[in-house]
*Asks:* 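Okay, here's the structure, questions in a sec.
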There are 2 protein chains.
Amino acid sequence: MSSTDFGPATGAARALPPNYRTVLDVVETAGPGSHLTAQEIWVRARALQPRIGFATVHRGLIRLHELGSVMKIDVPGEASAVYEPAAHPHAHFRCSACGAIGDLDYVVPRAALRRLGERHGIAIEREAVTFTGRCAACNAVPPGTSDGRSTPA
Amino acid sequence: MSSTDFGPATGAARALPPNYRTVLDVVETAGPGSHLTAQEIWVRARALQPRIGFATVHRGLIRLHELGSVMKIDVPGEASAVYEPAAHPHAHFRCSACGAIGDLDYVVPRAALRRLGERHGIAIEREAVTFTGRCAACNAVPPGTSDGRSTPA
DNA sequence: ACTGAGACTGAGAACCGATATCACTCCGTA
DNA sequence: TACGGAGTGATATCGGTTCTCAGTCTCAGT
């Protein structure tokens with residue numbers, strides 16, 4: 001699944017446009033566990049392509065999401081969506097005190113998915129599991145003492 | 001807990017303001033399984049209090065969410081948050097074809113929550129599980145035939 | 001009753017992320 | 001060379017959420 005093998009076949013997958021490639025580079029360089037907003041990705045992309053516009057970054061993220069190269073995560077309580085390189089499915093955690101977002105290795109068991117699908121007649125294609133609470137750092141601080149709000153991102 | 005017994009104590013819980021009570025009525029009348037946006041709740045609230053403003057409804061929803069009386073659900077792919085009366089935790093399903101939202105009875109097992117909390121040193125307080133796929137109605141229709149987009153809400 | 005403080009309220013503006021639009025450029029093909 | 005489709009950047013637009021502000025109301029303590 002390297003992103004460099006182009007599909008030259010008749011009307012099949014086209015080569016990734018250069019700017020989209022830049023967007024993918026930014027996301028993949030940030031690595032798994034990094035949760036970047038489109039804005040942040042745009043800022044970093046401009047370090048590589050100073051003239052790249054936000055619209056292009058946004059379109060690139062849509063395309064890359066369709067291609068399955070990046071994951072788009074809608075975190076409840078977060079204003080904007082965040083992106084990370086595609087990886088095996090996992091859950092996310094958001095600290096309600098400092099806003100930090102992290103990965104957790106939890107997936108809904110396949111048996112449960114099949115049971116839900118059969119019972120309701122639905123075809124489940126994707127899952128999004130997000131936990132909210134207090135992260136380790138904020139957990140150590142009494143919930144009134146300076147609030148742990150020093151690391152909001 | 002009628003809305004007439006005021007809490008006279010020194011700074012304890014105040015009584016629910018009348019308009020907030022109206023908002024709560026709307027949400028509870030819609031019942032569990034109804035997923036109303038703030039706009040929809042506002043429309044229904046105006047049937048009870050014609051002069052109520054959207055800001056008041058929105059503030060009421062925030063308050064009621066803090067109080068734990070209503071649940072706020074951020075559905076990935078949905079533009080706005082939806083609200084429903086507080087109930088036992090459950091998962092949600094969104095049809096990617098028609099946009100319908102429904103409830104599913106799935107919760108992350110307590111053992112898994114405890115294990116995740118211990119491993120990462122976090123205190124999990126809430127979970128949000130959302131599945132995406134095709135609902136029973138859209139599942140029956142071949143994925144190009146009129147798209148099943150007749151029942152978007 | 002009077003009064004001051006604080007909560008509630010409605011209307012509208014402001015904000016912000018996401019998306020659409022449009023004119024232009026680039027590149028491969030006929 | 002001419003054409004056409006995809007890519008691109010700047011900007012407009014949209015919709016949901018949140019903020020602001022002035023007016024109103026309720027309550028506690030006189």
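Letters A, B, ... are given to chains in the order of the sequence lines, protein chains preceding strands, and every chain is numbered from 1.
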*Asks:* On the six-membered ring of W42(B), is R44(B) placed so that its NZ or CZ lies under 6.0 angstrom from the centre and within 45° of the ring axis?
*Replies:* no

*Asks:* Give one of base, sugar-phosphate or nothing for Y20(A), where a contact means two heavy atoms less than 4.0 Å apart.
*Replies:* sugar-phosphate

*Asks:* Run the side chain to side chain contact (heavy atoms under 4.5 Å, CB included) check on H120(A) and D105(B) step by step: do they pass?
*Replies:* CA-CA 10 Å; H120(A) 297 88; D105(B) 49 348; 3.9 Å; yes

*Asks:* Nearest to the side chain of H58(B), heavy atoms from C-beta on, is which of dT18(D), dG16(D), dG10(C)?
*Replies:* dT18(D)

*Asks:* Between dG10(C), dA18(C), dG16(D), which one does the side chain of A38(A) approach most closely?
*Replies:* dA18(C)

*Asks:* For K72(B) and dT18(D), give me the distance from atom NZ to atom C1', rounded to whole Å.
*Replies:* 11 Å

*Asks:* Could you check whether atom CZ of R115(A) has more than 12 heavy atoms from other residues, nucleotides or ligands sitting under 6.0 Å from it?
*Replies:* yes

*Asks:* Figure out the CH2/C1' separation between W42(A) and dA10(D), and round it to whole Å.
*Replies:* 10 Å

*Asks:* Let's test this: given Watson-Crick or G-U wobble pairing with both distances under 3.5 Å, identify the partner of dT18(D).
*Replies:* dA13(C)

*Asks:* Could you give the CG-to-P distance, from L24(A) to dG7(D), as a whole number of Å?
*Replies:* 15 Å

*Asks:* Looking only at the side chain of T56(A) (C-beta and beyond, no hydrogens), which of the listed nucleotides dT19(C), dG16(D), dT8(D) gets closest?
*Replies:* dT8(D)

*Asks:* Under 4.0 Å: is that the gap between some side-chain N or O of N19(A) and OP1 or OP2 of dT8(D)?
*Replies:* yes

*Asks:* Among dG16(D), dT19(C), dA11(C), find the nucleotide with the atom closest to the side chain of I62(A).
*Replies:* dT19(C)

*Asks:* Should E125(A) and R134(B) count as an ion pair when the cut-off is N to O under 4.0 Å?
*Replies:* no

*Asks:* Could you give the CG-to-C1' distance, from L61(B) to dT9(C), as a whole number of Å?
*Replies:* 15 Å

*Asks:* Can you check the H65(B) NE2 to dT17(D) C1' distance for me, whole Å?
*Replies:* 15 Å

*Asks:* Establish, from distance only, whether the side-chain atoms of H92(B) and H90(B) form a donor-acceptor pair under 3.5 Å.
*Replies:* yes

*Asks:* What is the distance, rounded to the nearest whole Å, between atom CZ of R21(B) and atom C1' of dT9(C)?
*Replies:* 19 Å

*Asks:* Side chain of A81(A), heavy atoms from C-beta onward: which of dG10(C), dA18(C), dT17(D) has the nearest atom to it?
*Replies:* dA18(C)

*Asks:* Taking the minimum atom-to-atom distance to the side chain of R63(B), which one of dT18(D), dC8(C), dT19(C) wins?
*Replies:* dC8(C)

*Asks:* Give a yes or no on whether a donor-acceptor pair under 3.5 Å exists between the nucleobase atoms of dG10(C), that is its base, and the side chain of R59(B).
*Replies:* yes

*Asks:* Nearest whole angstrom, please: distance from the P of dA18(C) to the CD1 of I41(A).
*Replies:* 10 Å

*Asks:* I want to verify a distance call: between dC22(C), dT17(D), dG12(C), whose nearest atom is closest to the A55(B) side chain?
*Replies:* dG12(C)

*Asks:* Q49(B) CD to dT24(D) P: how many Å, rounded?
*Replies:* 18 Å

